[in-house]
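Note that the structure is predicted; figures quoted are calculated from it, not measured. Within every chain, numbering begins at 1; the chains are lettered A, B, ... in the order of the sequence lines, protein sequences first and strands thereafter.
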Amino acid sequence: MEKVYIKQILEEPKIDSDIVVRGWVRTKRQSKNVTFINISDGTTIHTIQAVVEADTVSEEILSKINTGACIEVYGKLIASQGNQKVEVKVEKINVLGEADPEKYPIQPKKHSFEFLREKAHLRPRTNTFGAIFRIRHALSFAIHNYFNDHGFFYLHTPIITGSDAEGAGEMFKVTTLDLKNPPKTENGEIDFKEDFFGKETNLTVSGQLEGELGALALSKIYTFGPTFRAENSNTSRHLAEFWMIEPEMAFYDLVDNMDLAEDFIKYLVKYALENCADDLWFLDARFSDEEKQKPMAERSEMGLIDKLKFVTENDFQRLTYTEAVEILKNAKKKFQFPVDWGTDLQSEHERFLVEKHFKKPVILTHYPKEIKAFYMKEAEDGKTVKAMDVLFPGIGEIIGGSQREDDYEKLKNRAAQVGIEEESIWWYLETRQFGSCPHAGFGLGFERLVLFVTGMGNIRDVIPFPRAPKSADF
RNA sequence: GCUUCCUUAGCUCAGCAGGUUAGAGCAACUGACUGUUAAUCAGUAGGUCCCUGGUUCGAGCCCAGGAGGGAGCGCCA
């Protein structure tokens, strides 16, 4: 028999029908003649209220119904006399799983996110995390929807990679060698020929290079999978394991790339607004409460939902790195770090451009080639590359992308300049020898998107089980 | 990796100038209550003051080292 969940019961209430509700107890309110139990099954932010008249359920069972317990309620769906439209008039309750109220850590009160991070196994049962993970799902789904509708193919790039040339950061080693007693070469170095793959392997830091191989065959591809960085990054915007979306498109130049990035993000935010209204409403209220705690100067001028609508309704500001440097040099604000053409912009500079100067998402292009990756297409001026960074308020860089260098000689020279051995990326270089073409792509940090859409402050709270330096529980 | 702040009851936090038996709110428990909305009211119980060492007649408070956490920076997505 098909099970019915709370979301469906509340959306299409069949008054006077017999129903079974299963879920976890949020609160129980008891008085002499009647007991009220609020139940959540996580299918929606809303709970359903079960009403137990005196003597319908034994004291023994009632005493086991505490916050956190899992119960199965048989009864009739009736119109409610209280604040909600409908409620369940209880006939029978089975306790499926008890939760000792002396020990169950999630109480019907506000908890700090720091505390809940230590209870990552139970935090999905809270309103906030339920909402976040439902939105996370919706956004994932929307990503596949968007690309499928636009003729992209989902390409599965490897998680274990034999290449260490992606240049995106420190990598986690993958090995089956005995770490206490590894085989050694004559020089005394570890002999990776003896390792599982017969060479040194790592967890991927980016699917881009393999993604390009796909684009140069299928025209438009995207990847969406986990990515690993062993950087010792201790911030609220970095994870050691995160999910990245990386589209790569043949015959796209930098402008096409920007157009796609902007349209894509707007679609995703709009999808959340249209499909996660209840959860966003809840998070909007949470966001406002949070903002009220902050000093006036730091408060967001807009509510969460207003912020999201603003992004969908306004064009992103596009400008070159050189133009940005000019704006920053002429700004009245004193920066901690000086602005100079040729050095990378600091967080404070990016924040100024996005949050103070333009007050909307910004796409910066044409960075000096020295501060960008080897695979980016050199611009006509010979000094900059056709790179683009999409900067978001409160998040910073949410997308990094570029038109890719499609000229074999130039690409080979750039790789050599930054010390990448030709043999390690021979397969990548070969695509420029055989049927090369202009192409472009970008990487979108999924958790950074979820951070923006949910209005949360720390990236560790938008992934169910965060991986960060010194932190890999659960 | 760097800078800075924090660690006291299950949770959120207070605590003086270094001075006896360490406090509050919420949660829990017991009871009361004719339908509650994180119910209300009354009561009960709950502590390795993060760890180790030091200074002192005396340390939750001062000093040193360590562990864990937050915020910011760098690296990036």
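For RNA chain B, the residues of residues 442-451 of chain A within the heavy-atom distance limit of 4.0 Å (strictly under) are A:G443, A:G445, A:R448, sorted by number. For RNA chain B, the residues of residues 71-85 of chain A within the heavy-atom distance limit of 4.0 Å (strictly under) are A:S80, A:Q81, A:G82, A:N83, A:Q84, sorted by number.
One C1' atom belongs to B:U8, the other to B:G46, and the distance between them is 14 Å to the nearest Å. Straight-line distance between the P atoms of B:C57 and B:A17: roughly 22 Å, to the nearest whole Å. Across the C1' atoms, B:G15 and B:G53 are found 25 Å apart, a figure rounded to whole Å. Straight-line distance between the P atoms of B:G54 and B:G68: roughly 24 Å, to the nearest whole Å. Straight-line distance between the P atoms of B:C6 and B:G47: roughly 27 Å, to the nearest whole Å. Across the C1' atoms, B:C49 and B:G10 are found 16 Å apart, a figure rounded to whole Å. Comparing B:C26 with B:U7, their P atoms sit 23 Å apart, to the nearest whole Å. Here the separation of B:G1 from B:U20, taken at their C1' atoms, is 47 Å to the nearest Å.
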Check nucleotides 12-15 of chain B for protein N or O atoms closer than 3.5 Å to its own N or O atoms and list the pairs.
from: B:U12; atom 1: OP1; to: A:S112; atom 2: OG; distance (Å): 2.8

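Across all strands shown, A:I399 has heavy atoms under 4.0 Å from sugar-phosphate atoms exclusively, and none from any base. Nucleic acid contact for A:E246: none, since no nucleic acid atom lies under 4.0 Å from a heavy atom of the residue. Contacts of A:Q49 with the nucleic acid, taken as non-hydrogen atoms under 4.0 Å apart, include base atoms.
For the pair A:P101 and A:G400, nearest-nucleotide mapping onto RNA chain B gives the more 5' position to A:P101. Annotation: of the two residues near RNA chain B, A:N458 and A:P108, the 5′-most nearest-nucleotide partner is A:P108.
Atoms CE (A:M456) and P (B:A71) sit 11 Å apart, rounded to a whole Å. For A:R26 and B:A39, the CZ to C1' distance is 18 Å, given to the nearest whole Å. In this structure, the CD atom of A:Q30 is 14 Å from the P atom of B:U34, given to the nearest Å. One atom, CZ of A:F36, and another, C1' of B:G35, lie 4 Å apart when rounded to the nearest Å. Between A:I395 atom CD1 and B:G72 atom P the separation is 12 Å, expressed in whole Å. Counting to the nearest Å, the P atom of B:C2 and the CG atom of A:N234 are 10 Å from each other. The distance between atom NZ of A:K372 and atom P of B:C76, rounded to the nearest whole Å, is 8 Å. Between A:I106 atom CD1 and B:C26 atom C1' there is a gap of 15 Å when expressed in whole angstrom units.
Ring geometry for A:Y146 versus A:H150: interplanar angle under 30°, hence parallel rather than tilted (30 to 60°). Ring geometry for A:F224 against A:H144 counts as tilted: the plane angle lies between 30° and 60°, on a 0 to 90° scale.
The pair A:K333-A:E348 does not count as a salt bridge, with every side-chain nitrogen at least 4.0 angstrom from each carboxylate oxygen.
A:S31 has a side-chain polar atom (N or O) that falls below the 4.0 Å cut-off from OP1 or OP2 of B:G35. Applying the 4.0 Å criterion to OP1 and OP2 of B:C75, one finds that A:R237 has every side-chain N and O outside that range. Within the 4.0 Å cut-off from OP1 or OP2 of B:C29, at least one side-chain nitrogen or oxygen of A:N66 is found. Here A:S236 reaches the OP1 or OP2 of B:G72: one of its side-chain N or O atoms lies under 4.0 Å away. The side chain of A:N33 places no N or O atom within less than 4.0 Å of a non-bridging phosphate oxygen (OP1 or OP2) of B:U34. Side-chain nitrogen and oxygen atoms of A:R351 include at least one within less than 4.0 Å of the OP1 or OP2 phosphate oxygen of B:C73. Within the 4.0 Å cut-off from OP1 or OP2 of B:A38, not a single side-chain nitrogen or oxygen of A:Q107 is found. Considering only side-chain N and O atoms, A:R117 lies under 4.0 angstrom from the phosphate OP1 or OP2 of B:G70. At B:A39, one or more side-chain N or O atoms of A:R29 fall inside 4.0 Å of OP1 or OP2 (strictly under the cut-off).
Within 6.0 Å of CG in A:D100 there are more than 12 heavy atoms belonging to other residues, nucleotides or ligands.
With respect to A:M388, the side-chain contact (heavy atoms from CB on, under 4.5 Å) criterion is satisfied by exactly one of A:T320, A:V255, A:I399: A:I399.
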Query raised in the report: Going through the distances and angles, do A:R404 and A:E248 end up as a salt bridge (charged side-chain N to carboxylate O under 4.0 Å, His left out)?
Result: CA-CA 9 Å; A:R404 314 306 188 190; A:E248 286 290 332; 2.5 Å; yes
Query - Audit row: A:F352, A:L328, side chain to side chain contact (heavy atoms under 4.5 Å, CB included) steps and yes/no - result: CA-CA 8 Å; A:F352 176 82; A:L328 290 165; 3.6 Å; yes
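In this view, A:K89 satisfies the salt bridge (Lys or Arg N to Asp or Glu O under 4.0 Å) rule with no residue, not counting sequence neighbours. Applying the ring-ring contact (aromatic ring centres under 6.0 Å, His included) criterion to A:F442, with sequence neighbours excluded, gives no partner residue. Scanning for ring-ring contact (aromatic ring centres under 6.0 Å, His included) contacts around A:F115 gives A:H111, with sequence neighbours left out. Annotation: ring-ring contact (aromatic ring centres under 6.0 Å, His included) contacts of A:F36 (sequence neighbours excluded): none. Residues passing the ring-ring contact (aromatic ring centres under 6.0 Å, His included) test with A:F147, sequence neighbours excluded: A:F152, A:Y222, A:F264.
For the 3.5 Å distance criterion, the side chains of A:Y375 and A:Q208 qualify, holding a donor opposite an acceptor. In this model, no donor atom of one side chain and acceptor atom of the other lie less than 3.5 Å apart for A:R229 and A:T227.
Looking at RNA chain B, the stems built from 3 or more consecutive Watson-Crick or G-U wobble pairs, each pair with its key distances under 3.5 Å, are B:1-7 with B:67-73, B:10-13 with B:23-26, B:28-32 with B:40-44, B:50-54 with B:62-66.
For A:H238, the side-chain atoms get nearest to B:A77 when compared with the rest of B:C33, B:G35, B:A77.
With hydrogens and angles ignored, no donor-acceptor pair under 3.5 angstrom links the side chain of A:S347 to the base of B:C73. Remark: the A:E87 side chain and the B:G35 base include a donor-acceptor N/O pair separated by less than 3.5 Å.
A side chain to side chain donor-acceptor pair (under 3.5 Å) check over residues 449-460 of chain A, counting only residues at least two apart or in different chains, returns nothing.
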Return a table of donor-acceptor pairs under 3.5 angstrom between the side chains of residues 357-368 of chain A and protein atoms on other chains or two or more places apart.
from: A:K360; atom 1: NZ; to: A:D315; atom 2: O; distance (Å): 3.2
from: A:Y367; atom 1: OH; to: A:D389; atom 2: OD2; distance (Å): 3.3

Anything under 3.5 Å between a donor and an acceptor, one on a side chain of residues 467-474 of chain A, the other on a protein residue two or more places apart or in another chain? List them.
from: A:R467; atom 1: NH1; to: A:D473; atom 2: O; distance (Å): 3.1
from: A:R467; atom 1: NH2; to: A:F474; atom 2: O; distance (Å): 2.8

